[in-house]
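Below: the structure, in structure tokens.
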Amino acid sequence: RRLASYGPLLLILALPLLMRGLSPLISTEKLSLLTARITQALLMLCNLPAEVQGNVVRLPEGAVQIAGTCSGRDMLMQLIIIGVIFALAFPMRHRWQSGVMVLVAPLLAVIANGFRIALLAAITASAIPSKDWWFDFFHESEGSLVFSGIGVLVFIWLYDLWMDWQITRLEQTP
């Protein structure tokens with residue numbers, strides 16, 4: 001019985017190992033194709049005429065190819081881990097609600113990475129000075145972490161919003 005009370009803590013400690021085992025099951029090829037489509041939609045929302053050919057997003061003045069780590073698999077795994085930790089640390093009133101939030105986490109990761117790739121495509125197609133530096137910064141440097149952080153912040157905001165809604169409903173129930 002005493003060991004059962006440590007279950008959530010043990011699960012949290014085991015998460016990196018579990019994710020390392022699950023990570024190869026997520027196809028970066030399929031994730032790259034999904035990211036390309038999301039990137040295209042985001043660019044078109046900004047009035048930029050983007051076309052997708054497989055995992056390549058083309059603008060009239062340049063293109064980006066989405067492959068390997070650029071597919072966003074690491075960001076996806078990070079947000080799944082955060083979703084599981086939140087579900088364990090701050091459980092919703094019903095388990096299915098926590099499960100929904102764990103499922104929302106990878107969706108947010110894919111969208112956040114789509115914004116990152118859209119920015120990279122826009123930089124590639126631009127005439128801004130030092131565009132190679134900007135591209136490298138948002139591609140491989142600390143700039144890429146900005147989008148991961150935004151994904152985490154949006155997840156936390158949504159989780160908190162849903163928790164507040166539940167608490168308000170409970171307080172209004174006679």
Side-chain angles (χ1 to χ4, degrees), residues 12 15-16 18-20 22-23 26-50 52 55-59 62-92 97-126 128-167:
I12 289 172
L15 274 175
L18 291 171
M19 290 296 134
R20 190 172 198 178
L22 289 175
S23 185
I26 298 172
S27 165
T28 56
E29 291 82 19
K30 289 180 182 177
L31 193 54
S32 293
L33 297 174
L34 175 62
T35 302
R37 291 293 177 189
I38 289 171
T39 300
Q40 178 189 31
L42 293 170
L43 288 167
M44 291 179 78
L45 282 172
C46 296
N47 248 0
L48 295 172
V52 172
N55 66 342
V56 176
V57 178
R58 295 190 187 285
L59 291 169
V64 291
Q65 181 178 15
I66 305 160
T69 56
C70 287
S71 68
R73 185 171 65 183
D74 292 344
M75 193 184 303
L76 187 134
M77 299 306 287
Q78 174 193 29
L79 269 164
I80 290 173
I81 288 174
I82 289 169
V84 170
I85 290 170
F86 266 66
L88 293 170
F90 313 107
M92 299 276 185
Q97 293 169 322
S98 294
V100 166
M101 288 307 297
V102 171
L103 293 175
V104 164
L107 177 63
L108 289 174
V110 172
I111 293 169
N113 192 49
F115 274 104
R116 183 179 75 91
I117 301 297
L119 176 63
L120 292 173
I123 289 170
T124 299
S126 76
I128 62 170
S130 307
K131 78 176 182 178
D132 290 339
W133 183 88
W134 284 108
F135 184 91
D136 290 342
F137 179 72
F138 286 111
H139 182 244
E140 295 181 17
S141 191
E142 294 83 9
S144 66
L145 297 176
V146 168
F147 294 90
S148 179
I150 290 170
V152 170
L153 287 174
V154 170
F155 176 81
I156 292 169
W157 176 76
L158 287 173
Y159 205 96
D160 185 53
L161 189 69
W162 200 353
M163 282 289 243
D164 282 347
W165 180 78
Q166 289 180 42
I167 291 168

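In this chain, numbering begins with 1 at the start of the sequence shown. Computed from a prediction, not measured in an experiment: that's the story for all the values here. Heavy atoms only: backbone and side chains are in, while hydrogens, waters and symmetry mates are out.
- Here CG of Leu119 is found 12.0 Å from NE2 of His139. Values are rounded to the nearest 0.5 Å.
- Taken from CD1 in Ile80 to CD1 in Ile85, the straight-line distance is 12.0 Å, to the nearest 0.5 Å.
- For the pair Ser98 and Tyr159, the minimum side-chain heavy-atom distance is below 4.5 Å.
- Closest approach of Val102 and Ala87 over heavy atoms only: CG2-CB, 4.1 Å.
- Residue Leu59 comes nearest to Ala121 through the heavy atom pair CD1-O, 3.4 Å, listed as atom of the first residue, atom of the second, then distance.
- Counting only residues at least two apart or in different chains, side chain to side chain donor-acceptor pair (under 3.5 Å) contacts with residues 99-125 comprise Asn113-Arg116.
- Under the ring-ring contact (aromatic ring centres under 6.0 Å, His included) criterion, Phe115 pairs with no residue at all, not counting sequence neighbours.
- With respect to Ile66, the side-chain contact (heavy atoms from CB on, under 4.5 Å) criterion is satisfied by exactly one of Thr35, Leu33, Val52: Thr35.
- Scanning both residues, Ala50 and Val57, for their nearest heavy atoms gives CB-CG1, 4.3 Å.
- Distance check: Leu103 CG to Leu108 CG gives 11.5 Å after rounding to the nearest 0.5 Å.
- Remark: Ile117 CD1 to Leu43 CG distance equals 10.5 Å, nearest 0.5 Å.
- Among all heavy-atom pairs drawn from Lys131 and Ser126, the shortest one is NZ-O, 2.9 Å.
- The line from CZ of Phe86 to CE of Met163 is 9.5 Å long, rounded to the nearest 0.5 Å.
- The minimum heavy-atom distance between Phe135 and Val64, with the atom names listed, is CE1-CG1, 4.0 Å.
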Using a 3.5 Å cut-off and no angle test, enumerate the donor-acceptor pairs between side-chain atoms of residues 148-157 and protein atoms at least two apart in sequence or in another chain.
residue, atom, partner, partner atom, Å
Ser148, OG, Gln78, OE1, 2.3
Ser148, OG, Gln78, NE2, 3.4

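- For Ile38 against Gly114, the heavy-atom pair with the smallest separation is CG2-CA, 4.1 Å.
- Here the OG-CD distance, from Ser32 to Gln65, works out to 8.5 Å after rounding to the nearest 0.5 Å.
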